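Numbering of ligands and ligand atoms starts at 1, following listing order. These numbers come from a predicted model, not from an experiment.
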Amino acid sequence: MSGRKKILAISGSTRRHSTNHNLLRAIAELMNDVLDITIFDSIADLPHFDPDRSNDNVPGTVTTFREALAHAAGVIICTPEYAHGVPGTLKNALDWTVSTADFSGKPTVLITASTDGRFGHPALLETLRVIEAKDIDQLQLLISFVRTKVDGSGNIIDERTRSEVKQLMNDFVRCLT
Ligand SMILES: Cc1cc2nc3c(=O)[nH]c(=O)nc-3n(C[C@H](O)[C@H](O)[C@H](O)COP(=O)(O)O)c2cc1C
């Protein structure tokens, strides 16, 4: 298992029983032989983005987040959409990475797992493109009606979704090499 690549996973939902968080846990288990996936569960602790503190007097939680990104070979983001947009907590976390280019050249997966998701998904894709997340257009999946496809424990109970997630993760592994 020593050759496993380190991956940072981020859930856009901070809800205690989040489907997105559970889905990330299921993906971590599914890919355990090849990927060492750590879920960064502290995005809610990041302060509101402040351009004046992006490079000087950087908050400690932001430094921790940036270091976790720097040590990762790739990133998996799994998020719902809120009010047809990207959850503010997630967008805030991404804004802290703009000046330091933490996503630049890093293979990144985007899964929008939501009731609908058709609005937040392309908006977040565009943000990830502009911060130069690598292979993002290839490594993306929209899972609508997620609560009928992923159960409360994170099991993917819809066969088509399961195969789409597997295919996505296999593509991700190829992009990491
Ligand atoms: C404040 C709020 C706004 C929401 N707005 C949307 C929305 O615009 N589109 C959508 O697909 N789902 C929306 N939802 C529903 C979420 O997609 C659904 O609750 C999802 O399961 C949340 O992800 P989670 O289980 O990981 O927390 C919203 C939920 C909340 C709490």
Legend entry - Residues F65, V62; criterion side chain to side chain contact (heavy atoms under 4.5 Å, CB included); working and verdict: CA-CA 5 Å; F65 178 50; V62 174; 5.6 Å; no
[X]: numbered ligand 1 atoms lying under 4.0 Å from its heavy atoms:
{"X": "S114", "result": "10 (C), 11 (O), 12 (N), 17 (O)"}
{"X": "R15", "result": "24 (P), 25 (O), 27 (O)"}
{"X": "D116", "result": "10 (C), 11 (O)"}
{"X": "S13", "result": "24 (P), 26 (O), 27 (O)"}
{"X": "R147", "result": "18 (C), 19 (O), 20 (C), 21 (O), 25 (O)"}
{"X": "N20", "result": "23 (O), 24 (P), 26 (O)"}

Charged N to carboxylate O under 4.0 angstrom, [X] versus [Y]?
{"X": "E29", "Y": "R25", "answer": "no"}
{"X": "D102", "Y": "K106", "answer": "no"}
{"X": "D137", "Y": "R129", "answer": "yes"}
{"X": "D158", "Y": "R160", "answer": "no"}

Inset, instruction - State whether a side-chain donor-acceptor pair under 3.5 Å links S99 with S54. - result: yes
Legend entry - Pair E81-H121, side-chain donor/acceptor within less than 3.5 Å: no
Nearest protein heavy-atom contact for [atom]: which residue, which atom, what distance?
{"atom": "atom 6 (C) of ligand 1", "result": "E81 O, 3.2 Å"}
{"atom": "atom 8 (O) of ligand 1", "result": "H84 N, 2.8 Å"}
{"atom": "atom 31 (C) of ligand 1", "result": "Y82 CE2, 4.0 Å"}
{"atom": "atom 22 (C) of ligand 1", "result": "P80 CB, 3.6 Å"}
{"atom": "atom 15 (C) of ligand 1", "result": "T115 OG1, 3.5 Å"}

If you measure every N or O of [X] against every N or O of ligand 1, does any of those distances drop under 3.5 Å?
{"X": "A83", "result": "yes"}
{"X": "G117", "result": "yes"}
{"X": "H21", "result": "no"}
{"X": "S18", "result": "yes"}

Inset, instruction - Could you walk me through whether N20 and R15 pass side chain to side chain donor-acceptor pair (under 3.5 Å), step by step? - result: CA-CA 9 Å; N20 282 273; R15 203 166 63 86; over 6 Å; no
Inset, instruction - Would you check if the side chain of R147 reaches a backbone N or O of T115 as a donor-acceptor pair within less than 3.5 Å? - result: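 Between the backbone of T115 and the side chain of R147 there is no qualifying donor-acceptor contact (under 3.5 Å).
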Legend entry - Flag, side chain of D151 to backbone of N155, donor-acceptor distance under 3.5 Å: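 Judged by distance alone, yes, a pair lies under 3.5 Å.
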